[in-house]
K.L.:
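A single structure is presented below for examination.
Chain A is the first sequence line, chain B the second, and so forth, proteins listed ahead of strands; every chain is numbered from 1. Worth saying up front: this structure is predicted, and the values here are computed from it rather than measured.
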Amino acid sequence: VDIVQGVASGFSVVLDPWNLFYVFLGVLIGTAIGTLPGLGPTATIALLLPLTFELPPETAIIMLAGIYYGSMYGGRIPSILLSLPGDAAAVVTVFDGYPMARQGRAGPALGITAIGSFIGGTISVIGLTLFAPVLARWAVNFGPPEYLALTVVALLLIAYLGSKSVWKSLVLAGFGLLLASVGQDPITGTSRFTFGVTEFLDGISFVPIAMGLFGVGEILYNLEQREGMTLLTSRVTNLWPSLRDWVQARGSIFRGAGLGFLIGILPGGGGVVSSLVSYGVEKRLAREPERFGKGAIEGLSGPEAADNASSTSAFIPLLTLGIPSNVVLALIFGALLLQGITPGPLLVDENPEIFWGVIASMYLGNIFLILLNLPLIGIFVQLLRIRGSILASVAVMLTLVGVFSFQNSVFDMWLVLIFGVLGYLMRKRGFEPGPLVLAFVLGPIMESAFRRSMLISGGDPSIFITRPISGSILAIALVVIAFSVFQFFRKRRSNEEREGSSSTENN
Amino acid sequence: MHRIGGAITLVLGILALVYSYTLSLGSLSNPAPGLWPFVISGVIVGCSIMLLITERDGRDHERFTSGVRRIIFGVISLSIFIMLFEWFGFAIPGLLTFVFWLRFIGNESWRSTLTISVLATAAFYVVFVLLLGVPFPRGVF
């Protein structure tokens with residue numbers, strides 16, 4: 001009954017004409033930037049941060065959420081048509097989507113993925129509706145030690161699942177925490193890491209860091225490898241998949257939705273991991289696995305359903321625990337913090353308009369998205385003709401002017417530029433900036449949880465292990481670390497064996 | 001060469017460790033301002049060392065190509081934009097930066113460069129000044 005009431009109140013928030021407009025705007029921007037290779041959802045949300053500051057908090061999060069799950073729909077378009085994934089989660093879509101387009105079946109490929117995305121997204125919102133309030137109620141009892149354990153484990157999992165190098169991610173997470181401690185000490189007011197710069201006394205704001213590392217960093221990175229004009233060769237005709245296509249894809253869509261929902265809840269699990277797992281499962285279940293990679297429709301629909309489902313369920317830890325499970329959600333978390341709202345177990349009671357508003361907006365958002373992505377797909381396909389140089393110059397200007405508009409500070413513009421160059425150099429060296437920004441957002445929470453835990457226990461660090469919930473959270477973390485160390489040694493051994501036996505093999 | 005990333009983070013981590021120590025650590029039951037950064041710096045140093053040990057090749061490490069020139073010019077032009085912006089406001093520096101990015105970094109034709117630059121500058125002006133009321137530094141416009 002609680003849930004029914006909650007959803008009803010959520011819909012009353014979303015059906016406000018302005019909010020309705022922002023849901024639509026969000027999913028429209030999301031599909032558009034998902035379609036444009038070179039500007040992902042992270043960069044876009046970073047660019048728009050200062051503008052969301054002007055909106056009421058529930059409207060801001062509704063729009064940002066729409067950009068995120070909308071980009072999951074859009075990412076499939078260049079994957080299928082050009083073999084150029086619009087974002088990381090759409091890489092898997094290339095495997096079977098591009099071969100289908102080459103066989104003249106671009107239409108059904110786009111059609112079945114739109115349907116799969118819709119089903120995956122909608123099933124996941126239903127799961128979110130039922131599961132999130134329960135989890136929030138349970139998490140209300142968490143104290144500082146549980147929070148510290150949870151945030152540490154979230155960072156570890158993100159480092160482990162979400163990147164190529166665990167150690168690089170952890171180093172960056174460390175720097176994120178360190179950057180977050182710049183400014184005055186929260187208890188004594190002593191200034192730390194300010195080095196006499198008065199602008200640093202209040203700490204470094206999240207906005208220029210995110211806009212620099214993701215916005216400018218990504219633009220500079222794309223500037224270096226300028227690709228020639230990509231040729232759009234496949235004609236998109238007849239979007240509707242045949243009945244045979246649907247029968248073949250049906251199972252994969254529902255399996256993908258379920259897998260995506262579960263994996264999306266894990267920190268670091270959204271997007272890429274869920275679509276890869278779904279692809280693996282479908283290939284294993286298939287009667288003729290050799291069709292995969294040559295245009296198997298279930299290798300396309302399953303991962304698409306999974307990445308949409310995971311992008312929705314990724315909101316569960318944010319809305320119930322106050323823990324962002326990936327970079328995009330860290331940005332949304334940051335956007336809420338700017339508005340003076342700290343997401344956590346109390347959100348459902350203190351800010352029901354945000355909690356239920358964003359959930360209700362996702363039901364509508366998915367309906368808007370299927371309308372945008374079936375009848376209106378032709379418009380988005382035309383976006384692929386926009387040249388990178390135009391996109392880059394507008395985006396870079398939007399970043400600099402946007403960050404100025406946030407606090408009317410030229411200092412922030414310099415920070416954006418500096419973090420942009422840093423972000424570019426980090427990318428070149430294989431340091432993905434995601435964990436840094438995530439840790440930066442979590443930094444103040446972690447420090448105060450640490451200090452309060454020490455106060456509770458009188459300086460005894462065993463408090464993290466002896467409290468049952470934080471103890472079990474940390475035990476899970478240990479298992480993950482042990483597993484990754486084990487994997488490292490196994491991989492090394494198999495590499496050495498391979499190097500010993502033959503040198504022709506790659507991979 | 002591929003170790004340079006880990007080496008830099010290691011050095012920065014050690015500097016941060018020393019700096020946090022000078023902030024005074026206090027004790028676990030009564031932490032002083034330096035304790036938390038000290039713990040974090042320790043983690044950075046430890047993970048940097050693990051990174052240096054485990055990263056045996058530069059597999060996820062990309063070469064700089066000749067395209068780097070575009071980035072250097074891009075960054076220089078943006079720095080000039082920020083300085084001009086502070087003195088002359090948005091309109092003229094913004095227009096010049098668009099022209100530079102489109103014509104010299106993006107290799108657009110002069111015609112499309114000028115059209116897009118004028119339209120984009122105008123659009124930015126409308127959105128930020130007229131709609132959002134952002135107080136740009138007073139310039140020529």
K.L.:
Checking B:Ser48 against chain A: side chain, backbone, both or neither under 4.5 Å from a heavy atom?
P.N.:
both
K.L.:
Contact part of A:Ser191 toward chain B, heavy-atom cut-off under 4.5 Å: side chain, backbone, both or neither?
P.N.:
backbone
K.L.:
Hey, could you give me the CG/OG distance between B:Asn107 and A:Ser389, rounded to the nearest 0.5 Å?
P.N.:
8.0 Å
K.L.:
Please classify the contact between B:Ser117 and chain A as side chain, backbone, both or neither, with a heavy-atom cut-off of under 4.5 Å.
P.N.:
neither
K.L.:
Flag the one option from B:Leu35, B:Val134, B:Ile44 with the top tally of heavy-atom pairs under 4.5 Å to chain A.
P.N.:
B:Ile44
K.L.:
At their closest point, which heavy atom of B:Trp101 faces which heavy atom of A:Ser393, and how far apart are they?
P.N.:
CB-CB, 3.7 Å
K.L.:
Counting heavy-atom pairs closer than 4.5 Å to chain A, which one of B:Ala120, B:Ser79, B:Gly6 comes out on top?
P.N.:
B:Ser79
K.L.:
Hey, which of B:Thr97, B:Leu12, B:Ile82 has the most heavy atom pairs under 4.5 Å with chain A?
P.N.:
B:Ile82
K.L.:
Of the non-hydrogen atoms in B:Pro33 and A:Asp185, which two are nearest, and what is the gap between them?
P.N.:
CA-OD1, 3.4 Å
K.L.:
Side chain, backbone, both or neither: which part of A:Met426 has an atom under 4.5 Å from a heavy atom of chain B?
P.N.:
neither
K.L.:
Do you know the tightest heavy-atom contact between B:Pro37 and A:Arg192?
P.N.:
CD-NH1, 3.6 Å
K.L.:
Under a 4.5 Å heavy-atom cut-off, does chain A meet the side chain of B:Leu10, its backbone, both or neither?
P.N.:
neither
K.L.:
Between A:Tyr424 and chain B, which part of the residue has a heavy atom less than 4.5 Å away: side chain, backbone, both or neither?
P.N.:
side chain
K.L.:
Please determine, among A:Leu425, A:Leu455, A:Leu170, A:Val401, the option with the most heavy-atom pairs under 4.5 Å with chain B.
P.N.:
A:Val401
K.L.:
If I compare all heavy atoms of A:Leu178 with all of B:Ala16, which pair ends up nearest, and what's the gap?
P.N.:
CD2-CB, 3.6 Å
K.L.:
Side chain, backbone, both or neither: which part of A:Ser405 has an atom under 4.5 Å from a heavy atom of chain B?
P.N.:
both
K.L.:
Answer with side chain, backbone, both or neither: which region of B:Phe64 has an atom nearer than 4.5 Å to a non-hydrogen atom of chain A?
P.N.:
both
K.L.:
Please round to the nearest 0.5 Å and tell me the distance separating atom CD1 of A:Ile219 and atom CD1 of B:Ile71.
P.N.:
11.5 Å
K.L.:
Given a strict heavy-atom distance threshold of 4.5 Å, which part of A:Val421 is in contact with chain B: side chain, backbone, both, or neither?
P.N.:
side chain
K.L.:
Can you tell me which of A:Lys428, A:Arg451, A:Met454, A:Met446 forms the most heavy-atom pairs within a distance under 4.5 Å of chain B?
P.N.:
A:Lys428
K.L.:
What option among B:Leu23, B:Ile116, B:Val127, B:Leu78 has the most heavy-atom pairs under 4.5 Å with chain A?
P.N.:
B:Leu78
K.L.:
Which of the residues B:Val43, B:Val68, B:Val39 is involved in the greatest number of heavy-atom pairs with chain A at under 4.5 angstrom?
P.N.:
B:Val68
K.L.:
If you look at every heavy atom in A:Phe193 and B:Tyr19, which pair is closest and at what distance?
P.N.:
N-OH, 2.9 Å
K.L.:
Please look at A:Glu54 and chain B and tell me whether the side chain, the backbone, both or neither of the residue comes under 4.5 angstrom of a heavy atom of that chain.
P.N.:
side chain
K.L.:
Which bit of A:Leu417 is near chain B, if near means a heavy-atom gap under 4.5 Å: side chain, backbone, both or neither?
P.N.:
side chain
K.L.:
Using heavy-atom distances under 4.5 Å, tell me whether B:Ala123 contacts chain A through its side chain, its backbone, both, or neither.
P.N.:
neither
K.L.:
Using every non-hydrogen atom in the two residues, find where A:Gly443 and B:Trp36 come nearest and quote the distance to one decimal.
P.N.:
O-CZ2, 4.4 Å
K.L.:
For the pair A:Phe404 and B:Phe136, name the ring-plane relationship: parallel under 30°, tilted 30 to 60°, perpendicular over 60°.
P.N.:
tilted
